[in-house]
Each structure stands twice: as C-alpha cells, then as structure tokens.
Protein chains: 2
Amino acid sequence: MTSTDAPHAHGREATTPPVRPTKQRRAVAEALASFGDFRSAQEIHGSLTERGEKVGLATVYRTLQLLSDSGEVDMLRTEEGEAIYRRCSATHHHHLVCRQCGATVEVEGPAVERWTRAIAAEHGYADIAHTLELFGTCRSCAV
Amino acid sequence: MTSTDAPHAHGREATTPPVRPTKQRRAVAEALASFGDFRSAQEIHGSLTERGEKVGLATVYRTLQLLSDSGEVDMLRTEEGEAIYRRCSATHHHHLVCRQCGATVEVEGPAVERWTRAIAAEHGYADIAHTLELFGTCRSCAV
DNA sequence: GCTCAGTTGACAATCATTCTCAATCGATTG
DNA sequence: CAATCGATTGAGAATGATTGTCAACTGAGC
C-alpha cells in the first residue's frame with residue numbers, strides 16, 4: 001500500500017499488528033501500575049518472578065517496548081544508561097525524580113516548551129524534540 | 001620510606017590523586033578537541049587507532065571519565081543509552097544537537113534554570129539537578 | 001477441534017563498559 | 001645517573017543490560 005515513510009509518525013500504519021492482550025502483557029502492565037515510580041525492566045521481571053508470575057525476561061523487554069511505543073509508559077534513562085519505565089499520563093510532561101527513593105512527580109512546563117521552540121527556530125533547527133528530567137532529593141529523604 | 005612526615009593531610013584520605021598528564025591522556029584530549037561534536041568512547045578509540053596512536057580502549061574510557069569528572073568534557077547519553085562526550089565550555093549549558101549530522105550548538109537557558117528551581121521548590125525537592133537536551137534537524141540537513 | 005499468525009521462553013549473541021593484574025612509565029630522591 | 005614506588009597502561013576476561021533466534025505454544029475464528 002502507500003509507503004508511509006513519515007519518520008515521526010509512529011501511529012497505526014497500514015500493517016496494524018494485532019496486539020493481543022496476553023497474560024504476560026497484562027502481568028507486566030499490572031506490575032507497572034503497582035509501582036508508582038520508575039523501574040527497570042530487570043526490576044519488573046524480578047518482581048513478577050517473585051510474585052510467582054512466570055514471565056520471561058525477553059518478554060518483559062518486548063512488552064515494555066510495546067507500551068513505550070504506544071505511549072502508555074514513559075521510558076527514560078538513569079545516569080548509568082539503564083532504561084527505566086513508568087506508567088504515565090498521555091500528555092507531554094517531564095519528571096521530577098527523587099534520587100534517593102525514586103518518588104516521582106510529573107510536571108508540565110509550558111514555558112520550557114516555548115523556550116525550546118524559540119531556541120530551535122533561532123538556530124534554524126527543525127523537527128525539534130527534547131528531553132528534560134529533574135533530579136533532586138525529596139522532602140522525606142532530605143533530613 | 002619512613003613515616004617521618006606523612007603528607008600533611010587532613011586524616012585518612014589525601015584525596016589528591018596526582019593526575020599525570022600522559023601521552024595517552026593527551027591523545028584522547030586532542031581527539032576530543034579535533035572533533036567538534038559529541039562522540040562515543042568507541043568512536044574516539046577508533047579514531048586514535050586509525051591515526052596510529054595506540055591507546056587501549058579501557059584507557060580511553062578511564063580518561064573520558066576523568067575528564068568528565070573534572071568538568072572538562074560533557075557527557076550525555078544517546079537514546080540508545082550510549083555515552084557520548086564532547087569538549088565543552090565550563091559554564092552550565094545545554095545542547096542542541098542535529099540528529100542527522102551531529103552538529104551541536106551550546107545554548108543557555110536562564111529561563112529554564114529558573115523554572116527548574118521553582119518547580120523543585122514547589123514540590124519540596126532539594127539539591128536539584130537537571131538534564132535537558134534538544135534534538136532536531138539542522139538547516140543543512142533539512143533537505 | 002483445527003489452523004495459523006501472533007506470542008512466548010530459554011538461551012545464545014551483542015555491545016558498551018568495567019575489572020583484573022602484570023608490565024611499564026615517570027617523577028622524585030639519593 | 002640509578003633506584004624506587006606509586007600511578008598508569010593494555011590485553012583480555014568479566015559484567016550486565018538488551019536483543020536475537022527459533023521451536024513450542026496460545027488463542028481467536030472457522
């Protein structure tokens with residue numbers, strides 16, 4: 001069919017891959033929901049295994065990638081480069097993460113978005129994207 | 001050597017690791033300087049090897065870490081989690097990177113810094129840090 | 001129940017990065 | 001200049017996250 005080659009259109013294509021809601025996928029989604037904050041694939045897999053749910057590590061990775069692609073979860077990277085995932089609201093936002101306990105707050109920054117576009121335009125860059133994460137120590141970990 | 005006069009340190013750790021400017025370290029620094037933009041450790045090592053400079057991969061990593069710690073280079077991560085390094089000015093700033101050719105512009109964002117602090121305070125987070133990178137397509141890569 | 005594409009899991013394979021440790025280098029002292 | 005001793009290096013092994021492989025399995029529809 002029409003060769004959709006839009007690089008930044010990760011929506012449903014002509015080839016609609018039937019995503020089957022399997023037991024494993026549900027398990028991963030639930031684990032993700034039960035944690036409130038960001039977890040690595042390994043942690044999620046560990047948690048599932050502990051709980052008796054037998055889900056393969058590869059499947060956890062695959063599922064997280066699916067969820068991430070579909071926008072149901074946010075993926076970001078720790079300073080060590082490890083990917084961590086979290087169930088998220090669909091709107092564009094950023095995170096304020098406690099570097100001690102992992103407590104996460106979603107924040108929006110219209111100002112930042114605006115600034116981003118302005119800078120990009122100023123330098124002639126198009127199709128702009130940005131990553132912005134805040135790390136700090138939350139009140140209960142401050143002491 | 002007698003402990004006649006131990007380093008007039010302040011207790012246990014003298015915390016003054018003598019950083020010797022060796023041939024290898026100079027080579028890495030020069031490679032970094034010759035590239036203008038962000039490069040991975042592997043790329044830097046490859047470039048050195050090609051050029052005939054025999055520097056071990058581990059040494060490249062160690063050196064980059066040193067430089068990164070001392071603030072002489074900036075390290076950030078690609079979306080795949082790979083660390084990339086670039087010689088940078090010492091002031092706090094962010095990067096606008098072309099996702100095609102890697103052309104990089106350093107940008108400052110006082111507004112963002114302010115916003116960051118405000119958000120952190122609002123949520124009771126202390127000792128705030130943030131990562132912010134912009135990715136786009138630069139004029140010459142924009143077709 | 002039967003079929004078939006989507007899915008899974010065990011494990012091998014990748015790949016960046018770090019670790020190990022003996023050999024080497026370099027500044028310093030005698 | 002030569003001995004000394006810790007910092008540094010390099011080759012390769014080790015680690016750890018992530019991805020690929022592929023035969024076995026599962027579930028929706030017939």
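Residue numbers start from 1 in every chain, and the chains themselves are labelled A, B, ... in the order their sequence lines are given, proteins ahead of strands. Side-chain atoms are counted along with the backbone in the values below, which use heavy atoms only and exclude waters and symmetry mates.
- Side-chain proximity of A:Ala41 to D:dT18, C:dT7, C:dT17: nearest is D:dT18.
- The shortest distance between the side-chain N/O atoms of A:Thr22 and the OP1/OP2 oxygens of C:dG6 is not below 4.0 Å.
- Between the NE2 atom of A:His45 and the P atom of D:dG16 there is a distance of 16 Å, rounded to whole Å.
- One can place CD of B:Gln65 at 10 Å from P of C:dT17, the figure rounded to the nearest angstrom.
- Out of C:dT8, D:dT18, D:dG20, the shortest distance to the side chain of A:Ala58 is found at D:dG20.
- With hydrogens and angles ignored, the 3.5 Å screen pairs a side-chain donor or acceptor of B:Thr63 with a backbone N or O of B:Thr59.
- For D:dT18, the OP1/OP2 oxygens have a side-chain nitrogen or oxygen of A:Tyr61 closer than 4.0 Å.
- Here B:Glu80 lies out of heavy-atom contact (under 4.0 Å) with every strand.
- Comparing C:dA16, C:dT8, C:dT20 by their closest approach to the side chain of B:Arg62 singles out C:dT20.
- The B:Gln42 side chain lies nearest to C:dT17 when the options are D:dT8, C:dT8, C:dT17.
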Stepwise salt bridge (Lys or Arg N to Asp or Glu O under 4.0 Å) check, B:Glu106 with B:Arg86: CA-CA 11 Å; B:Glu106 290 186 9; B:Arg86 176 180 191 254; 2.9 Å; yes
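- Between B:Val97 and B:Asp37, every side-chain heavy-atom pair lies at or beyond the 4.5 Å cut-off.
- Distances from the side chain of A:Glu82 to the nucleotides D:dT9, D:dT18, C:dT17 place D:dT18 closest.
- Nucleic acid contact class of B:Lys54 (heavy atoms, under 4.0 Å, all strands): sugar-phosphate only.
- Taking side-chain N and O atoms only, B:Gln24 has no distance below 4.0 Å to OP1 or OP2 of D:dT8.
- For the pair B:Leu66 CG and C:dT18 C1', the computed distance is 14 Å after rounding to whole Å.
- Checking C:dT17, C:dT8, D:dT9 against every side-chain atom of B:Arg25, the shortest atom distance belongs to D:dT9.
- Nearest-nucleotide assignment on DNA chain C puts the 5′-proximal partner with B:Gly81, out of B:Lys23 and B:Gly81.
- Using modelled atom types, one finds a donor on one side chain and an acceptor on the other under 3.5 Å when comparing B:Ser70 with B:Glu72.
- With contacts defined as side-chain heavy-atom distances shorter than 4.5 Å, the pair B:His95/B:Asp74 qualifies.
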